> 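Would you mind keeping the following structure in view while I ask a few things?
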Amino acid sequence: MVAFYASSGDIYSATTIFSTVSDHSPLLFNAVIRALALYKYSHQTLTVFNEMVMLGYLGDNFTYPFVLKACSELKVVKFGEVVHGLCLRSGFDRDLYVGTSLIDMYVKCGGLDLARKVFDEMRVRDVSSWNVLITGCMKEGLVDYAEGLFKRMGDRNIVSWTTMISGYSQNGLADKALRLFDRMLGEDVDVKPNWVTVMSVLPACAQVGALDLGRKIHGFAKEKGLDSHPSVKIALMAMYGKCGSLAEARLCFDSVGLDKKNLVAWNTMITAYAAHGCGVDAVSTFEDLLRAGMQPDDITFTGLLSGCSHAGFVDVGLNYFYSMREVYFVEPKYEHYACVVDLLGRAGRLGEAYDLVHRMPISAGASIWGALLAAGRKHKNLEIAELAAKKLFVLEPENSGNYAILSNMYAEAKMWEEVNNLRAQQKSKGVKKSPGGTWLEIDGRPHLFLGGGTSHPRAEEIYMFLDTLPDKMKAAGYVPDTGFALHDVSEEEKEYNLITHSEKLAVAFGIISTNPGTVLRLTKNLRICVDCHTVMKFISRIYEREIIVRDVNRFHHFKDGHCSCGDYW
DNA sequence: ATAGGGTTAG
């Protein structure tokens, strides 16, 4: 009876009857522990297990996997260690399932060293044991170690491949993720990708902005009947959003039935609108969410507020922010304050932004000082920028971008001594300039361009194109904005530094190597600079091209000499 | 009986 209720998920009935039985057999304990763990009543699982141990029964190979699952769920390594000790005493630690569950528990509780120790000491291992450890390594960023395990393991199943692919995606190695997905299809014919596999490879497309490749994978999913799963559709939405195709993201969103539209789906759509600067759509989607009877969460509000920020809807955004707690019962967190500081700062209300930083109940961190620094730069407020930058030099000393911004502002103000001091400071701390890079997708293949790079096979043509550009642009009314070039060098040299920015190289290659009218899609690892932004506008008009640039935090759609951001970014 | 997953501001 208990087992029947337990397996059907009626935990209440199962535990009620369980408590009326006076003579608990090990079998009965196992049934209840299994049910409680599977339905994530983790505390209760441990309570019942404890009761069992008190009665002198130490548990067997059917008890431990579920007790350990409860420990993993709670993420308390201390509990896990106690249970591990009991495993050893009971002698069931030698069991394959118990061993694998131990590894999983240590991985989920953040004890990778202990997980590796258990793995090394196991006498029998199966695919799952290897897979669990690979997951742990990927989570901790030990990509090389995970690769070693993957290479060494005897037989790999679809979970092994999927784990590697999603691990690469999570560690920002989109290239490797995409290549492994390909290799899996070609090499291991016995392995059948499922919906989780599709979901794991999509973030890699998103990372490098590989729209065509993403579409191909969408087609592949359709062909295999894997595209109807709501989670796959959500991953597709995110991919399309991050690859610059809002329309396709919206199509996926609409194809999820209203009853299956969970909060993640809504949040993804709102976030996509926000990244594209479509404030009106972000707000109206938020209102649709409320009408659909959903309860927004903290992520909904980060999307909504950043949407308002990117679109310049300062007061609308502030209103939402102030009503979060009372109207929507969502406690404003750090990231919401960061959005509001950005919202105010971007709009030039630096005083209010700075006030907020001091009034907030949470202390400001890197993203908030980063927002203030960006605001200081945009509105040429050196005082605020200096203040924010000094905080950032302490909080994220390795981030060269912060040095660059302040240094550029000093240069603009012709404060050469400060420029030199800053450069010396940067050098003494060993901060390396992070190279600018831009991806351009051509025929479904992403091409990488690095700032100042000359290694491209068609570098000569690219530079030739860029060399002739200024004259064409000057004829159309262009004045290069060299104010923020890093060095105190001649005007001409500054112009040259600007010319070698990676997005210019990429757009040049795009223009000379694709048919007229082809939309150019660029993905950048830094923020786009003012001069590149201006150049893109001119190129879109002179060459009649639509150019879509994704920089680190938003999209710019250039068309006929204008940008969708309205120069507000 | 154990394993892989989607949304987060600068």
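Every heavy atom of this structure was used, including side-chain atoms; hydrogens, water molecules and symmetry mates were not. Since the model is a prediction, treat every value here as computed from it, not as a measurement. We name chains A, B, ... by the order of the sequence lines, and we start the count at 1 in each one.
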> Which residues pass the ring pair (Phe, Tyr, Trp, His ring centres under 6.0 Å) test with A:Tyr328, sequence neighbours left out?
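Counting only residues at least two positions away or on another chain, A:Tyr328 forms a ring pair (Phe, Tyr, Trp, His ring centres under 6.0 Å) with A:Phe286, A:Phe301.
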> Check the side chains of A:Thr100 and A:Ser128 for a donor-acceptor pair under 3.5 angstrom, ignoring hydrogens and angles.
no
> Indicate, with a heavy-atom threshold strictly under 4.0 Å, whether A:Lys333 touches base, sugar-phosphate, or nothing.
nothing
> How would you label the contact of A:Arg554 with the nucleic acid (heavy atoms, under 4.0 Å): base, sugar-phosphate, or nothing?
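No contact.
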> Without hydrogens or angle criteria, can the side chains of A:Gln44 and A:Tyr39 be said to hold a donor-acceptor pair below 3.5 Å?
no
> Do you see a donor-acceptor pair shorter than 3.5 Å between the side chains of A:Asn525 and A:Asp551?
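Distance-only check fails for A:Asn525 and A:Asp551.
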> To the nearest 0.5 Å, what is the distance between CG (A:Leu236) and CD1 (A:Ile217)?
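Between atom CG of A:Leu236 and atom CD1 of A:Ile217 there are 9.5 Å.
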> Using a 4.0 Å heavy-atom cut-off, does A:Ala274 contact any base of the nucleic acid, only the sugar-phosphate backbone, or nothing at all?
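The answer is nothing, as A:Ala274 stays clear of every strand by at least 4.0 Å.
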> Classify A:Thr163 by what it touches in the nucleic acid, base, sugar-phosphate, or nothing, heavy-atom distance under 4.0 Å.
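The residue A:Thr163 makes sugar-phosphate contact but no base contact.
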> For A:Gln170, which contact category applies under a 4.0 Å heavy-atom criterion: base, sugar-phosphate, or nothing?
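If one applies the 4.0 Å heavy-atom cut-off, A:Gln170 turns out to touch the sugar-phosphate alone, with no base involved.
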> Select base, sugar-phosphate, or nothing to describe what A:Leu68 touches, counting heavy atoms under 4.0 Å on all strands.
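No contact.
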> Look at all strands and tell whether A:Asp297 reaches a base, only sugar-phosphate, or nothing, counting heavy atoms closer than 4.0 Å.
nothing
> Tell me what A:Lys242 touches on the nucleic acid: a base, only sugar-phosphate, or nothing, going by heavy atoms under 4.0 Å.
sugar-phosphate
> Remember a base hit wins even if backbone is also touched, and classify A:Ser367 as base, sugar-phosphate or nothing at under 4.0 Å, heavy atoms.
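It contacts base atoms.
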> Which part of the nucleic acid does A:Asp298 contact within heavy-atom distance under 4.0 Å: base, sugar-phosphate only, or nothing?
nothing
> What's A:Trp195 touching, base or sugar-phosphate or nothing? Going by heavy atoms closer than 4.0 Å.
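If one applies the 4.0 Å heavy-atom cut-off, A:Trp195 turns out to touch a base.
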> If you look at every strand shown and take non-hydrogen atoms under 4.0 Å, does A:Asp551 touch a base, only sugar-phosphate, or nothing?
nothing
> Could you give the start and end, 5' to 3', of the contact zone on DNA chain B for chain A, using atoms under 4.0 Å from its heavy atoms?
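Here the contact window of chain A covers B:dA1 to B:dG10.
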> Which part of the nucleic acid, if any, lies within reach of A:Phe66 when heavy atoms closer than 4.0 Å are counted: base, sugar-phosphate only, or nothing?
sugar-phosphate
> The criterion is ring pair (Phe, Tyr, Trp, His ring centres under 6.0 Å); which residues satisfy it with A:Phe79, sequence neighbours excluded?
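Scan of A:Phe79 (ring pair (Phe, Tyr, Trp, His ring centres under 6.0 Å), adjacent residues dropped) gives none.
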> Test side chain to side chain contact (heavy atoms under 4.5 Å, CB included) on A:Leu68 and A:Asp104; report intermediate values, then the result.
CA-CA 8 Å; A:Leu68 289 165; A:Asp104 183 52; over 6 Å; no
